Number of protein chains: 2
Amino acid sequence: MTGKATRKKANLRDVAAAAGVSVATVSRVMNSPEAVSQATRKKVQGAMDSLRFMPSAAARAISTGRTRFVGALVPTLDNAIFARYLSRLESQLGKHRLSLIVSTTDGVPETEVEKARTLVDIGAEALIVSGVTHDAALYELIDRGEIPAMATSCFDPGFALPTIGYDNAAAALSALTHLSSLGHSRISVIHGPTETNDRTGTRVEALRRQPGGAELMFHLEPLSIEGGCNGVQRVMEARPDTTAILCMSDVQATGALYELQRRGIAVPAQVSLMGIDDLPGSAHTSPGLTTVHLPVSQMGIVAADALSSWLEAQTLPEPVLLESRLVVRDSTGRPA
Amino acid sequence: MTGKATRKKANLRDVAAAAGVSVATVSRVMNSPEAVSQATRKKVQGAMDSLRFMPSAAARAISTGRTRFVGALVPTLDNAIFARYLSRLESQLGKHRLSLIVSTTDGVPETEVEKARTLVDIGAEALIVSGVTHDAALYELIDRGEIPAMATSCFDPGFALPTIGYDNAAAALSALTHLSSLGHSRISVIHGPTETNDRTGTRVEALRRQPGGAELMFHLEPLSIEGGCNGVQRVMEARPDTTAILCMSDVQATGALYELQRRGIAVPAQVSLMGIDDLPGSAHTSPGLTTVHLPVSQMGIVAADALSSWLEAQTLPEPVLLESRLVVRDSTGRPA
DNA sequence: ATGGTTGATGAAACCGGTTACATGTGTCAA
DNA sequence: TTGACACATGTAACCGGTTTCATCAACCAT
């Protein structure tokens with residue numbers, strides 16, 4: 001043993017002692033180097049290096065009151081739509097010197113609260129949740145801790161939290177309109193859980209209220225590739241004369257496409273297929289998937305900026321509505 | 001204004017004063033309630049509620065020396081293989097009352113270091129990185145901070161960090177063997193970047209060294225669906241008589257399948273197709289994708305447990321080798 | 001009655017940074 | 001020569017928890 005290598009970690013006072021300066025000076029070297037003379041700065045940095053000094057995040061946090069990280073709660077990582085969103089959110093937060101912690105809720109409100117509590121418990125300065133359906137305990141937590149919190153993936157100016165997202169009803173309707181305008185009337189809808197996922201709920205509800213919505217046939221399936229496969233199976237059992245299948249997510253649409261191919265049903269010649277999301281892969285399927293592009297990258301950017309100014313300047317964010325956009329590719333056509 | 005609602009946040013001393021007890025007692029109510037009498041516990045909890053007390057994570061961290069969260073660095077979230085892994089890692093860490101922070105590196109070593117630095121800076125107690133190729137600065141950081149760190153997705157007992165993962169060379173070879181045993185000899189390989197991704201590098205290298213490996217034709221493409229599409233295009237230009245395409249990832253294989261379908265090339269009748277990973281969707285494509293299953297869920301569990309005991313009991317984890325498994329589905333067959 | 005335990009609680013030190021304020025030195029204008 | 005002022009640095013309080021050790025009352029066996 002060298003007799004000094006395995007000592008306990010050096011702290012700022014050790015560095016100060018080694019450099020022959022005060023703790024304040026060491027602190028300054030880290031936080032406002034320009035306020036320290038060249039000579040002492042060198043001395044201090046030398047001491048830091050030889051003592052292998054690493055500042056304690058907790059100690060800094062306790063005196064500044066800032067931890068510089070925020071938490072995001074999403075239903076799952078197992079859907080490329082969240083990957084896109086989170087990746088932008090993270091990079092944009094980074095520009096504000098903020099880090100992101102992601103927690104998954106499986107779409108279960110109780111799990112969401114639990115995860116939110118953990119996030120706050122380890123020091124998250126703010127929370128970003130998905131959608132507007134949450135357990136009451138989440139609001140209590142946010143309220144009690146006075147935690148800045150916002151909701152994404154939807155738009156609702158009346159919601160308790162600022163929302164940043166798109167109009168899910170409009171997205172669903174623009175998809176339906178596309179199919180209708182092509183001449184489809186026997187349309188089947190495959191969608192994920194609506195109870196716990198208000199984004200899906202809003203989309204389905206919009207279709208139901210639509211004039212002529214009564215003719216639509218709805219099938220609830222898990223929000224996965226497999227769910228999309230099963231959905232097609234049920235569509236074909238329930239209504240074999242369906243000319244178009246509208247999936248409320250690209251993941252399910254991808255599964256649906258697989259199943260249609262497996263059954264030898266030509267897309268779009270025999271059945272037209274649509275999704276909503278516009279995943280990176282959706283442009284490359286064969287045929288290319290017609291879908292509604294959701295501006296999740298932009299959502300990440302806007303959310304990051306809004307949150308940052310909330311934390312820095314206490315400015316409560318305004319709700320933001322981002323436009324979705326119909327993307328017509330090759331999976332839809334006129335009915336046979 | 002009520003005159004008290006908007007006051008600054010209550011701390012433990014405020015609670016103690018309100019409850020007429022000492023700070024130690026309040027602390028005990030939170031951490032070892034059984035050591036406090038029923039009566040005082042009630043009193044303290046009442047004071048906590050009426051003052052809307054929320055303990056400060058930073059303050060706790062500074063005295064316990066624990067932040068209870070660890071960081072994981074992955075190349076991207078945009079690949080379902082990581083979603084699977086991270087989801088298990090997170091849930092298993094949760095069982096040890098540890099939280100997970102995920103950062104993405106885009107597969108760039110410099111970005112990785114930067115992100116790692118940020119993670120440590122905000123208090124991560126340990127790091128989990130992917131693979132064995134890293135910037136020297138990462139090791140310095142780990143070394144200097146004495147940060148427990150391990151590497152996943154590969155197995156190398158000789159590596160500086162404990163590794164928990166699978167044998168990438170074996171995975172690639174078992175795929176190749178499957179194709180060879182079916183009678184394929186004109187095989188094209190589509191793979192992602194090998195320079196920055198050692199997992200891919202190891203797989204490709206294993207194929208190159210294989211007796212008869214010289215007959216293989218390799219194509220480097222981005223690790224994405226689109227990359228898979230492009231790969232097929234290049235395969236068909238370079239070697240139209242190819243009877244089997246082996247992709248080093250299921251993402252690329254999925255793209256390849258799309259492109260083959262688009263070109264009207266029957267799988268597996270005209271060309272056999274294989275991937276490596278076994279994504280959730282791979283079982284449902286049409287035809288089902290033959291691939292090599294990588295035990296990423298188990299990897300998440302093992303990594304979480306190992307890291308936890310490292311942190312709790314200072315036991316340096318042993319490297320762990322997890323078995324991959326060939327999954328034969330319908331995208332491979334004898335050459336025409 | 002007495003010494004030894006056990007159980008509940010409090011006082012104060014401690015963790016490792018940041019920062020308000022004080023101090024000391026040198027420069028420059030009046 | 002002196003006062004104003006900028007600049008570099010030090011002192012010590014402070015942030016909000018945890019934890020050690022001391023204290024004191026109640027209980028029990030001898």
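A quick note: this is a predicted structure, and the numbers were derived from the prediction, not measured. Each chain gets a letter, A, B and so on, in the order the sequences are listed, and its residues count up from 1. Reckoned from all heavy atoms, side chains included, excluding hydrogens, waters and symmetry mates.
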Colleague: Round to a whole Å and report the spacing from CG of A:D14 to C1' of C:dG16.
Modeller: 10 Å
Colleague: Atom CE of A:M54 to atom P of C:dC15: distance rounded to whole Å?
Modeller: 19 Å
Colleague: If you find the nucleotide of DNA chain C closest to B:I62 and the one closest to B:E34, which residue's nucleotide is nearer the 5' end?
Modeller: B:E34
Colleague: From C-beta outward on A:A59, which listed nucleotide comes closest to its side chain: C:dG10, C:dG16, D:dT18?
Modeller: C:dG16
Colleague: Do other residues, nucleotides or ligands put more than 12 heavy atoms under 6.0 Å from A:E110 CD?
Modeller: yes
Colleague: Using 30° and 60° as the class limits, which term best fits the ring planes of B:H134 and B:Y139: parallel, tilted or perpendicular?
Modeller: perpendicular
Colleague: Would you mind reading off the distance between B:I122 atom CD1 and C:dG17 atom P, rounded to a whole angstrom?
Modeller: 17 Å
Colleague: C:dT9, D:dG10, D:dT9: which one has an atom nearest the side-chain heavy atoms of A:V21?
Modeller: D:dG10
Colleague: Under a 3.5 Å distance rule, please check whether A:N31 uses its side chain to pair with a backbone N or O of A:S27 as donor and acceptor.
Modeller: yes
Colleague: So, does A:S27 get its side chain near the phosphate of C:dT18, meaning an N or O under 4.0 Å from OP1 or OP2?
Modeller: yes
Colleague: Please tell me if B:T40 has a side-chain N or O lying less than 4.0 Å from either OP1 or OP2 of C:dT9.
Modeller: yes
Colleague: Can you tell me how far C1' of C:dG17 sits from CZ of A:R66, to the nearest Å?
Modeller: 16 Å
Colleague: Between C1' on D:dG10 and CZ on A:R28, what's the gap in Å once rounded to a whole number?
Modeller: 8 Å
Colleague: Specify the separation, in whole Å, of atom CD of B:Q38 and atom P of C:dG7.
Modeller: 16 Å
Colleague: Measure from the side-chain heavy atoms of B:T25 and tell me the nearest of C:dC15, C:dG10, C:dT18.
Modeller: C:dG10
Colleague: Does any part of the side chain of B:L100, heavy atoms only, come nearer than 4.5 Å to the side chain of B:V70, both counted from C-beta?
Modeller: yes
Colleague: Mind calculating the distance between CG (A:D121) and C1' (D:dG17) to the nearest angstrom?
Modeller: 13 Å
Colleague: Choose from D:dG16, C:dA12, D:dA12 the nucleotide whose nearest atom is closest to any side-chain atom of B:S63.
Modeller: D:dG16
Colleague: Given atom NZ of B:K42 and atom P of C:dA8, what is their separation to the nearest angstrom?
Modeller: 16 Å
Colleague: Between A:S32 (side chain) and A:E34 (backbone), is there a donor-acceptor pair under 3.5 Å?
Modeller: no
Colleague: Given D:dA8, C:dG10, C:dA12, which nucleotide is nearest the side-chain atoms of B:V23?
Modeller: C:dA12
Colleague: Which nucleotide in the list C:dG17, D:dT18, D:dG16 gets nearest to the side chain of A:N11?
Modeller: C:dG17
Colleague: Taking donor-acceptor contacts at under 3.5 Å, does the side chain of B:R13 reach the base of D:dG17?
Modeller: yes
Colleague: Return no unless some side-chain N or O of B:N31 is found under 4.0 Å from OP1 or OP2 of D:dT18.
Modeller: yes
Colleague: Taking the side chain of B:S56 as heavy atoms from C-beta outward, which of D:dT18, D:dG16, C:dG10 is closest to it?
Modeller: D:dG16
